[in-house]
Asker: 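This is the structure I have questions about; it appears just below.
Everything numeric here is computed off the predicted structure, so don't read it as measured data. Order of appearance sets the numbers: ligands from 1, and atoms from 1 within every ligand. Below, all heavy atoms of this structure are taken into account, side chains as well, without hydrogens, waters or symmetry copies.
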Amino acid sequence: MGKNLRGKNFLKLIDFTSEDIRYLLELSKDFKSMKRAGVPHKYLEGKNIVLLFEKTSTRTRCSFEVAGNDLGMGVTYLDPAGSQMGHKESIPDTARVLGRMYDGIEYRGFSQETVEELGKYAGVPVWNGLTDEWHPTQMLADMLTIEEHFGYLKGLKFVYMGDARNNVANSLMIVCAKMGVNFVACAPEELFPEENLVSMAKEIAAENHCTVTLTSDPKEGTKDADVLYTDIWVSMGEPAEIWEQRIALLKDYQINKEAMENANQEAIFLHCLPSFHDLKTKVGKEIYEKFGLEEMEVSDEVFESRQSLVFDQAENRMHTIKAIMYATLC
Ligand code: CP
Ligand code: NVA
């Protein structure tokens, strides 16, 4: 297979071919098998990486840390207040300093421009751990989870319900188009993905013999779906005041028993997480007190059901991030 991705940045999936993504998925499977069998794989011993987080994270941070350690690398974590970046030092300067010390840089933050700029100046691979526009590392875990369940990707019907303009939705539309998966964005028109992105995704999909469809009708959207996917209704970086508007727009787009029953019998439920499916979180409780909603983008019943593979998906973040680092550093 042997694609050469050495030295390449991993900033968004439109920069990668379907073959590149296939290669990374196969590599992820190898790393997952090694991890499960307890086979050491310190292939990157002696290297060091730095993780820059301007937004909070559980899965992405821990995946980079564990994957880095498993590969034998030294890992430095810098929290939002833990560096000069952006406050006293520009992005190009930060990139050039870190590139002299580290072999790879992960960045999670706000604008895509920042991660692109880091990638331009660092001289070492930069990996996008989420921006307002894209969440590319999540996509490999999602595709791996789907393929593990069905045994294939091509021809499946994948339905994303919710805020179809956010980083996860944008990225899913592109990765599905690249991997031959029929993508449906099921959302109110106000939250449809940007037109130019949809046109680009449709072109990519045509090359890979699949489709990209937008619908505001949950019945039509979820009908015969193989995968139902959702994400939180208000993303990191968006103002808290927007909750009221989003709830009004998205309350009919919750993934619940009715949606699952309209999908294929063997359909699976996925969510990048974190999720508001009960009242066990601070934000969940606040929303309940203000708007009376006990569960939001997904019902607790579906989240906890046999069809929900969200924790396999979360675990797969680590295996796939390991593959990305290995492929770009080795
Ligand atoms: N899915 C995801 O990116 O989770 P974190 O925000 O916890 O990293
Ligand atoms: N759309 C969400 C994804 C979290 C992993 C956010 O940006 O907050």
Asker: How far is atom 6 (O) of ligand 1 from the closest protein heavy atom, and which atom is that?
Answerer: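 Result: Arg108 NH1, 2.8 Å.
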Asker: Could you walk me through whether Asn128 and Glu116 pass side chain to side chain donor-acceptor pair (under 3.5 Å), step by step?
Answerer: CA-CA 9 Å; Asn128 179 359; Glu116 299 277 349; over 6 Å; no
Asker: Under the salt bridge (charged side-chain N to carboxylate O under 4.0 Å, His left out) rule, what do Glu289 and Lys285 come out as? Steps first, then yes or no, please.
Answerer: CA-CA 6 Å; Glu289 276 153 25; Lys285 276 194 201 116; over 6 Å; no
Asker: Start with the C-alpha distance between Arg246 and Glu190, add both sets of side-chain angles, then the distance that settles salt bridge (charged side-chain N to carboxylate O under 4.0 Å, His left out), and finish with yes or no.
Answerer: CA-CA 10 Å; Arg246 285 289 161 79; Glu190 293 90 328; over 6 Å; no
Asker: So is Leu273 in contact with ligand 2, going by heavy-atom distances below 4.0 Å?
Answerer: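 Under 4.0 Å: yes for Leu273.
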Asker: Verify the distance criterion only: is there a donor paired with an acceptor across the side chains of Lys29 and His319 at less than 3.5 Å?
Answerer: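 His319 and Lys29 do not have a side-chain donor-acceptor pair below 3.5 Å.
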Asker: Using a strict cut-off of 4.0 Å, indicate which atoms of ligand 2 neighbour a heavy atom of Asn166.
Answerer: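 Every atom of ligand 2 under 4.0 Å from some heavy atom of Asn166: 1 (N).
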Asker: Where is the nearest protein heavy atom to atom 4 (O) of ligand 1: which residue, which atom, and how far?
Answerer: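 Here the nearest protein heavy atom works out to Arg59 NE, 2.8 Å.
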Asker: Among all the protein's non-hydrogen atoms, which is closest to atom 4 (C) of ligand 2, and how far away is it?
Answerer: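 Ranked first by proximity to atom 4 (C) of ligand 2 is Leu130 CD1, 3.9 Å.
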Asker: Only heavy atoms of Cys272, strictly under 4.0 Å: list the atoms of ligand 1 that pass.
Answerer: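 It comes down to these atoms of ligand 1: 1 (N).
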Asker: Could you give the distance from CZ (Phe276) to CD (Gln254), rounded to the nearest 0.5 Å?
Answerer: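 Rounded to the nearest 0.5 Å, the CZ-CD separation comes to 14.0 Å.
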Asker: Does only the side chain of Leu273 get under 4.0 Å from ligand 1, or the backbone, or both, or neither? Count heavy atoms.
Answerer: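 The answer is the backbone.
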Asker: For atom 2 (C) of ligand 1, find the nearest protein heavy atom and state the residue, atom name and distance (0.1 Å precision).
Answerer: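 Looking at atom 2 (C) of ligand 1, the protein heavy atom closest to it is Arg317 NH1, 3.2 Å.
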Asker: Any nitrogen or oxygen of Asp231, main chain or side chain, under 3.5 Å from a nitrogen or oxygen of ligand 2?
Answerer: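 Min N/O separation from ligand 2 is below 3.5 Å for Asp231.
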Asker: Go through Thr230 and Tyr160 one step at a time and tell me if the side chain to side chain donor-acceptor pair (under 3.5 Å) criterion holds.
Answerer: CA-CA 6 Å; Thr230 190; Tyr160 176 90; 5.3 Å; no
Asker: Out of all atoms in ligand 2, which are within 4.0 Å of some heavy atom of Ser235? Include the element for each.
Answerer: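 Going through ligand 2 atom by atom, the ones under 4.0 Å from Ser235 are 1 (N), 2 (C), 6 (C), 7 (O), 8 (O).
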Asker: So, is the end of the Arg61 side chain (NZ or CZ) under 6.0 Å from the ring centre of Tyr77 and within 45° of the ring's axis?
Answerer: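 Flagged: Arg61 positioned over aromatic ring of Tyr77.
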Asker: Just go through Leu130, Ile232, Val168, Thr58 and tell me whose heavy atom is the nearest to atom 7 (O) of ligand 1.
Answerer: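 The option holding the nearest heavy atom is Thr58.
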Asker: What protein heavy atom is closest to atom 7 (O) of ligand 2, reported as residue, atom name and distance in Å?
Answerer: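 Answer for atom 7 (O) of ligand 2: Asn167 ND2, 2.9 Å.
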Asker: Given Lys202 and Glu207, is the salt bridge (charged side-chain N to carboxylate O under 4.0 Å, His left out) satisfied, shown in steps?
Answerer: CA-CA 9 Å; Lys202 283 188 173 174; Glu207 286 165 23; over 6 Å; no
Asker: Should the heavy atoms of other residues, nucleotides or ligands under 6.0 Å from NE2 of His87 be counted, would the total exceed 12?
Answerer: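 More than 12 heavy atoms, drawn from other residues, nucleotides or ligands, come within 6.0 Å of this atom.
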Asker: At what distance is the nearest protein heavy atom to atom 8 (O) of ligand 2, and which residue and atom is it?
Answerer: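 Result for atom 8 (O) of ligand 2: Met236 N, 2.8 Å.
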